[in-house]
Each structure stands twice: as structure tokens, then as C-alpha cells.
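Below: the structure, in C-alpha cells.
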Amino acid sequence: MDELSVLMAGRVAEELFTGTVTTGAQDDFKRATGIAKRMVLDWGMGEHFKNIAWGSDSGPIFLGEEIAKKKDHSEETARLIDEDIRKILDEAYAKARQVLLEHAEAMHRIAEELLREETIPGERVRAILKETIPVERSQES
């Protein structure tokens, strides 16, 4: 789920910090969808069909299209698989949004430094994260 959230974070950041949506997240969405499909179809991680491997080895497809094309499973099964995949992706998006909102101050500071310096080392990013208090924690004080 963390990997999926990272893949969703680019689009979330666009929406939150620039108010725009571009095509930049296209590859991330394809990768995230592929992982979520494997989670449901191969690894039995969906809500509706735990511990069942439906298989997703027939090439690139979108959501439950593979099941619908084979016609050896019902339309309802395909719909439930689509639902499980969408739920996983929606949860990853929500988690990315929460993390970016909590660390918005750090995001802005890092962006400002990147505009000035072009690159900054990982140690500096970690230092900025330590210096800033996540929004959720600062509201609890």
C-alpha cells in the first residue's frame, strides 16, 4: 500500500499545491493500477475474493476487463474485482493526500530550496522534515 501511495502522491501534490491536473501522473497510475490488479487477481488481497488467485497474466488490461473478456466468470464477479481494485487505489490516494497535507509546510520549504539550489541532499530533506511539525500533530498540542 505504501508503494501505491507513493505512486499516487504526484497527482495529489499537483491538486493540493498547484490546483492543476496534468498528464504527468499517467505512468504512475498505470503502474499503481497494475499493482492493485495483482493484489486482487493474483495475491487474493481483495475484500470480495480473499485467498483466490484469478490470474492476471494475459497482458495489460484495465481493472476486471480480463475476467469479462474470458467469459468464464460472471459479470458480477468482474464488477466485484473492479470494486476491490478501485478501493485499493482510492485508499492509496487518500493516504498520499493525508501525508502530503500533514507535511505541507515541509513540502513548501523543500520546493523553495529546490528552486534555489536545483538539488538538495537527502540529509537536508530529512532535516527539514524534522524541523517542521506535521499539521495533525501541531493541532493536538
Side-chain angles (χ1 to χ4, degrees), residues 1-115 117-141:
M1 285 301 293
D2 289 343
E3 184 177 349
L4 293 177
S5 294
V6 168
L7 289 168
M8 295 291 180
R11 171 58 58 85
V12 173
E14 282 183 337
E15 292 174 354
L16 291 176
F17 302 122
T18 69
T20 62
V21 173
T22 69
T23 59
Q26 176 185 0
D27 187 59
D28 292 338
F29 283 166
K30 285 182 180 180
R31 290 177 48 212
T33 300
I35 292 167
K37 280 181 2 191
R38 284 192 306 277
M39 289 171 73
V40 172
L41 295 173
D42 294 337
W43 305 329
M45 298 172 101
E47 273 189 30
H48 293 98
F49 304 104
K50 292 187 184 290
N51 307 316
I52 295 174
W54 294 103
S56 63
D57 297 328
S58 68
I61 55 157
F62 184 72
L63 301 178
E65 181 180 345
E66 173 185 85
I67 302 287
K69 280 184 180 176
K70 284 184 178 179
K71 297 296 180 198
D72 57 353
H73 298 90
S74 72
E75 293 290 326
E76 177 66 8
T77 297
R79 188 188 68 71
L80 292 172
I81 289 170
D82 284 351
E83 190 178 303
D84 282 353
I85 293 167
R86 179 167 303 283
K87 184 173 190 278
I88 288 169
L89 293 171
D90 288 348
E91 287 174 6
Y93 181 93
K95 181 178 180 183
R97 191 176 199 301
Q98 175 190 359
V99 169
L100 288 174
L101 283 171
E102 286 177 14
H103 296 280
E105 182 184 348
M107 293 289 301
H108 290 295
R109 287 185 53 194
I110 291 167
E112 288 168 8
E113 280 201 33
L114 283 170
L115 288 171
E117 305 295 328
E118 208 169 308
T119 62
I120 56 175
E123 304 87 52
R124 179 64 186 135
V125 172
R126 284 186 285 282
I128 292 170
L129 285 168
K130 284 182 183 178
E131 292 167 10
T132 57
I133 301 170
V135 172
E136 186 176 277
R137 288 187 208 153
S138 66
Q139 290 174 351
E140 292 172 2
S141 302

Under 3.5 Å, which donor-acceptor pairs link side chains of residues 43-53 to any protein atom two or more places apart or in another chain?
unit_1, atom_1, unit_2, atom_2, d
Glu47, OE2, Lys87, NZ, 2.5
His48, ND1, Asp84, OD1, 2.6
His48, NE2, Glu83, OE2, 3.4

Minimal non-hydrogen separation, [X] against [Y], with atom names:
X: Leu89; Y: Ala32; result: CD2-O, 3.6 Å
X: Leu4; Y: Ala36; result: CD2-N, 4.4 Å
X: Ala92; Y: Ser5; result: O-OG, 3.2 Å
X: Tyr93; Y: Arg11; result: CE1-CG, 4.4 Å

Under the side-chain contact (heavy atoms from CB on, under 4.5 Å) rule, collect the residues that match up with Ala111, sequence neighbours excluded.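 If we apply the side-chain contact (heavy atoms from CB on, under 4.5 Å) test to Ala111, skipping adjacent residues, there are no hits.
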
If you measure from the Lys or Arg side-chain nitrogens to the Asp or Glu carboxylate oxygens, is any gap between Arg109 and Glu131 under 4.0 Å?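 Yes, Arg109 and Glu131 are salt-bridged.
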
[X] side, atom [atom1]; [Y] side, atom [atom2] - distance, nearest 0.5 Å:
X: Ile81; Y: Leu41; atom1: CD1; atom2: CG; value: 5.0 Å
X: Thr22; Y: Glu14; atom1: OG1; atom2: CD; value: 3.0 Å
X: Ile120; Y: Arg126; atom1: CD1; atom2: CZ; value: 10.5 Å

side-chain contact (heavy atoms from CB on, under 4.5 Å) between Glu91 and Lys95: does it pass, once the steps are laid out? CA-CA 6 Å; Glu91 287 174 6; Lys95 181 178 180 183; over 6 Å; no

Should Arg86 and Asp90 be marked as a side-chain contact (heavy atoms from CB on, under 4.5 Å) after you check the CA-CA gap, both sets of side-chain angles, and the distance that decides it? CA-CA 6 Å; Arg86 179 167 303 283; Asp90 288 348; 3.5 Å; yes

I'd like to check Ile35 versus Arg38 (side-chain heavy atoms, cut-off strictly below 4.5 Å). Are they in contact?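 Side chain of Ile35 against side chain of Arg38, heavy atoms only: contact under 4.5 Å found.
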
Taking the side chain as C-beta and beyond, is there a heavy-atom pair between Ile88 and Met1 under 4.5 Å?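 In contact.
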
Taking CD in Gln26 as the centre, count heavy atoms belonging to other residues, nucleotides or ligands within less than 6.0 Å. Is the count above 12?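 No, CD of Gln26 has 12 or fewer neighbouring heavy atoms, counting only those of other groups under 6.0 Å.
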
Is it the case that atom CD in Glu76 sees more than 12 heavy atoms from other parts of the structure closer than 6.0 Å?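 Counting neighbours around CD of Glu76, more than 12 heavy atoms of other residues, nucleotides or ligands fall under 6.0 Å, so yes.
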
Only one of Asp27, Asp28, Asp2, Thr33 forms a side chain to side chain contact (heavy atoms under 4.5 Å, CB included) with Leu7, so which one is it?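 Going through the options one by one, the only one that passes is Asp28.
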
The single option from Met107, Glu113, Glu112 passing side chain to side chain contact (heavy atoms under 4.5 Å, CB included) against Ile128: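 Among Met107, Glu113, Glu112, the one that satisfies the side chain to side chain contact (heavy atoms under 4.5 Å, CB included) with Ile128 is Glu113.
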
Side chain to side chain donor-acceptor pair (under 3.5 Å) against Arg97, all qualifying residues, sequence neighbours excluded: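 With sequence neighbours excluded, Arg97 shows a side chain to side chain donor-acceptor pair (under 3.5 Å) to no residue whatsoever.
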
